[in-house]
Amino acid sequence: MASNSRKEIPAPVTNRLFALSGNQCAFPGCSNPVTYQEASGEKPVTLAQRAHLVGVGRQGPRSREAPLSDDPDAVENLTLFCGTHHAIVDGNPRIYSVEVLAKYKADHEVRMAAKDLRVPPAPFETDSVDVSLLPVSELPDSIWRAKSRFRTSMEVIERLPRPMRGQVLPFVLADGQVWAFHDLIDTRGPFKQVVEPESAERLDAGELLESQDRNIYVWLLNSALRMALRKRGIQYDRAHGRYYFLADHETVTRRVEAKTKTGRNQSAKKVVRQEGERFGNPRDVWWHLAAQLRFEEFATGVWGLTIRPEFHLTKDGKEPLDPRRVGRKVTKRKSRMYNEGYFDAVHFFRYFLLDGRARVVFEVGRQKIAIDGDFPQVDAKWPLIDDNRFNPVTMLDSGDEDDVIDALASSWDIDDAEWDWGAEHKEDDR
């Protein structure tokens with residue numbers, strides 16, 4: 001429902017919503033009416049609650065997703081639920097995502113338009129699924145801080161040595177102090193030119209994570225990841241919090257070696273390509289496979305590296321594409337993305353991160369950040385929005401697709417010329 005702190009939803013929009021609803025809650029399996037009249041001549045009662053697919057305001061459910069239209073109170077961004085299901089949907093935004101709600105709305109309105117009032121089957125399904133994160137098995141238990149000899153991070157970076165193979169040099173410059181996983185007391189260490197060793201002190205990581213400086217530790221972990229991936233041609237888009245494959249400096253189109261989920265070697269897959277190139281009609285849009293990769297603590301001392309596949313669009317393989325050409329069709333396209341393509345992209349990033357090994361290790365001085373290569377498995381109960389069963393052996397095993405970008409979107413059944421899909425999820429880097 002519209003709150004008192006913002007404008008009311010226009011009456012024509014509300015009237016249209018009630019017309020599309022067929023006087024029934026849009027939640028699958030619910031037959032609760034959205035209006036009620038006790039008796040002839042009595043005043044009708046409105047039972048429905050208007051729900052935004054993409055939330056309104058910074059704190060609204062699903063408010064960080066790309067807008068479906070310029071007006072958040074447009075009919076395309078609203079549906080009607082009974083009070084019970086509105087509370088359930090807004091209270092569980094991870095389960096009831098924009099994609100799920102868009103599917104609920106579309107199916108309900110089509111069913112009402114056809115006057116098909118049959119109650120659909122139960123909307124939930126239970127599956128054993130891989131969680132799209134990699135367990136972190138080893139983390140630094142110490143962090144050092146020391147007075148910096150320089151005022152800016154760039155001045156510090158310019159004086160750091162080139163890291164040796166396997167080493168990364170993450171640091172934070174805050175309040176005139178350098179924070180790092182490296183021993184800053186060591187006068188022969190890589191930070192010897194940028195700090196005053198006599199001012200250095202060691203801090204326990206566990207105590208730091210329980211203090212107000214917790215974000216510094218998390219930032220150092222993610223900074224180590226950025227540095228390691230930069231060496232391998234992966235750039236970080238700070239504005240949207242995602243990593244993306246850089247284009248090949250000679251051909252723009254880039255391929256990366258991959259293995260199937262069953263361990264079979266296969267030809268390199270495209271991770272950067274120009275829109276329209278396959279049809280001999282190239283356009284000024286380049287698609288880069290991307291992902292949000294983030295260290296997160298799920299319980300005390302239990303960490304994982306989460307993987308969320310996305311896309312990054314540029315106009316020439318380097319410069320970001322105008323956001324006005326990116327965001328409009330995001331949610332519509334994502335609502336048609338199914339498990340197979342998503343799982344393929346998650347698996348592809350897993351293989352790339354591990355580089356074919358059982359685990360990946362980032363060395364930070366005498367300490368390590370170790371990430372294991374096996375996805376955790378859980379039994380998940382979720383809304384079933386399509387009757388196709390999940391087949392975990394698809395693109396990467398069949399070898400039918402030439403690139404991961406197509407595999408991630410192959411189930412959309414759309415023409416290449418229509419693609420205008422990008423991930424506009426801006427989240428705090430910390």
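The basis for the numbers below is simple: all heavy atoms, side chains too, and nothing from hydrogens, waters or symmetry mates. Just so it is clear, the model here is predicted, and its values are computed rather than measured.
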Discussion item. Between I234 and Y244, does the side-chain contact (heavy atoms from CB on, under 4.5 Å) criterion hold? Intermediate values first, please.
Written reply: CA-CA 6 Å; I234 299 287; Y244 63 95; over 6 Å; no
Worksheet entry | Check against side-chain contact (heavy atoms from CB on, under 4.5 Å), H52 and L78 | CA-CA 5 Å; H52 287 83; L78 289 164; 3.6 Å; yes
Discussion item. Before you tell me yes or no, could you show the steps for L221 and L225 under side-chain contact (heavy atoms from CB on, under 4.5 Å), namely the whole-Å CA-CA distance, both residues' side-chain angles and the distance that decides it to 0.1 Å?
Written reply: CA-CA 7 Å; L221 292 178; L225 177 65; over 6 Å; no
Practice prompt. Evaluate the side-chain contact (heavy atoms from CB on, under 4.5 Å) criterion for residues L20 and V75: first the C-alpha distance (whole Å), next the side-chain angles of each, then the deciding distance (0.1 Å), finally the verdict.
Written response: CA-CA 10 Å; L20 293 170; V75 172; 3.9 Å; yes
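Under a cut-off of 6.0 angstrom, the local environment of CD in E198 is crowded, with over 12 non-hydrogen atoms contributed by other residues, nucleotides or ligands. Within a 6.0 Å radius of CZ in R159, more than 12 heavy atoms belonging to other residues, nucleotides or ligands are found.
For the pair F298/T306, a side-chain contact is recorded, criterion being any heavy-atom separation below 4.5 Å from C-beta on. Looking at T46 and V34, their side chains never come closer than 4.5 Å, going by heavy atoms from C-beta outward. Between L220 and V364 the shortest side-chain heavy-atom distance does not fall below 4.5 Å. Using a 4.5 Å heavy-atom cutoff, the side chains of V54 and P72 are not in contact. Proximity of D316 to Q274: side-chain heavy atoms (C-beta onward) are nowhere separated by under 4.5 Å. Using a 4.5 Å cut-off on side-chain heavy atoms (C-beta onward), V156 and S148 make contact. Taking 4.5 Å as the limit, some side-chain heavy atom of R226 sits within range of a side-chain heavy atom of Y243. Using a 4.5 Å heavy-atom threshold, the side chains of R254 and L289 count as separate.
A donor-acceptor contact shorter than 3.5 Å links the side chain of R149 to the backbone of V195. The main-chain N or O of S142 is found under 3.5 Å from a side-chain atom of Q367 such that the two form a donor-acceptor pair. In terms of modelled atom types and a separation under 3.5 Å, the side chain of S21 and the main chain of L80 share no donor-acceptor contact. A distance-only check finds a donor-acceptor pair linking the side chain of R350 to the backbone of G373 [under 3.5 Å].
Residues passing the ring-ring contact (aromatic ring centres under 6.0 Å, His included) test with F81, sequence neighbours excluded: none. The salt bridge (charged side-chain N to carboxylate O under 4.0 Å, His left out) test applied to D90 returns R62, not counting sequence neighbours. By the side-chain contact (heavy atoms from CB on, under 4.5 Å) test, A228 pairs with V168, F362, sequence neighbours left out. Applying the ring-ring contact (aromatic ring centres under 6.0 Å, His included) test to F295 and every residue at least two apart in sequence or in another chain returns nothing. With sequence neighbours left out, P320 forms a side-chain contact (heavy atoms from CB on, under 4.5 Å) with no residue at all. Taking the salt bridge (charged side-chain N to carboxylate O under 4.0 Å, His left out) definition, one finds that D284 meets it with R325, sequence neighbours left out. Evaluation of the salt bridge (charged side-chain N to carboxylate O under 4.0 Å, His left out) rule for E109 yields K105 as partners, not counting sequence neighbours. Every residue two or more places apart in sequence or in another chain was checked for a salt bridge (charged side-chain N to carboxylate O under 4.0 Å, His left out) with D372, and none qualifies. Contacts of D355 classified as side-chain contact (heavy atoms from CB on, under 4.5 Å), with partners at least two apart in sequence or in another chain: R232, R357. Annotation: side-chain contact (heavy atoms from CB on, under 4.5 Å) contacts of T152 (sequence neighbours excluded): M154, E155.
Of all heavy-atom pairs between P135 and D374, the closest is CD-O, 3.2 Å. Of all non-hydrogen atoms in V272 and L246, the two that sit nearest each other are CG2-O, 3.8 Å. For the pair A370 and R359, the tightest heavy-atom approach, listed with the atom from each and the gap, is CB-NH1, 3.3 Å. Here the shortest heavy-atom pairing between T79 and A26 reads OG1-CB, 3.4 Å. Taking every heavy atom of both residues into account, Q167 and E363 meet most closely at OE1-O, 3.2 Å. Residues L169 and P190 share a closest heavy-atom pair of CD2-CG, 3.8 Å.
Here the straight-line distance linking atom OG1 of T314 with atom CG of D322 works out to 13.0 Å at 0.5 Å rounding. Remark: N215 CG to L209 CG distance equals 10.0 Å, nearest 0.5 Å. Atoms CG and CG, on N222 and L305 in that order, are 8.0 Å from each other to the nearest 0.5 Å. To the nearest 0.5 Å, atoms NE2 (H85) and SG (C30) are separated by 5.0 Å. Going from atom CH2 of W286 over to atom CG of L313 covers 11.5 Å, rounded to the nearest 0.5 Å. Going from atom CD1 of I143 over to atom CG of L208 covers 5.0 Å, rounded to the nearest 0.5 Å.
Applying the salt bridge (charged side-chain N to carboxylate O under 4.0 Å, His left out) test to residues at least two apart or on different chains, the pairs with a partner in residues 201-216 are R145-E201, R214-E297. For residues 168-211, the set of pairs meeting the ring-ring contact (aromatic ring centres under 6.0 Å, His included) definition, not counting sequence neighbours, comprises F181-Y217, H182-F191.
Look at K368 and E138 and you find no salt bridge, because none of the NZ, NE, NH1 or NH2 atoms lies under 4.0 Å from a carboxylate O.
None of Y236, F349, W287 except one satisfies the ring pair (Phe, Tyr, Trp, His ring centres under 6.0 Å) rule with F245; the exception is F349.
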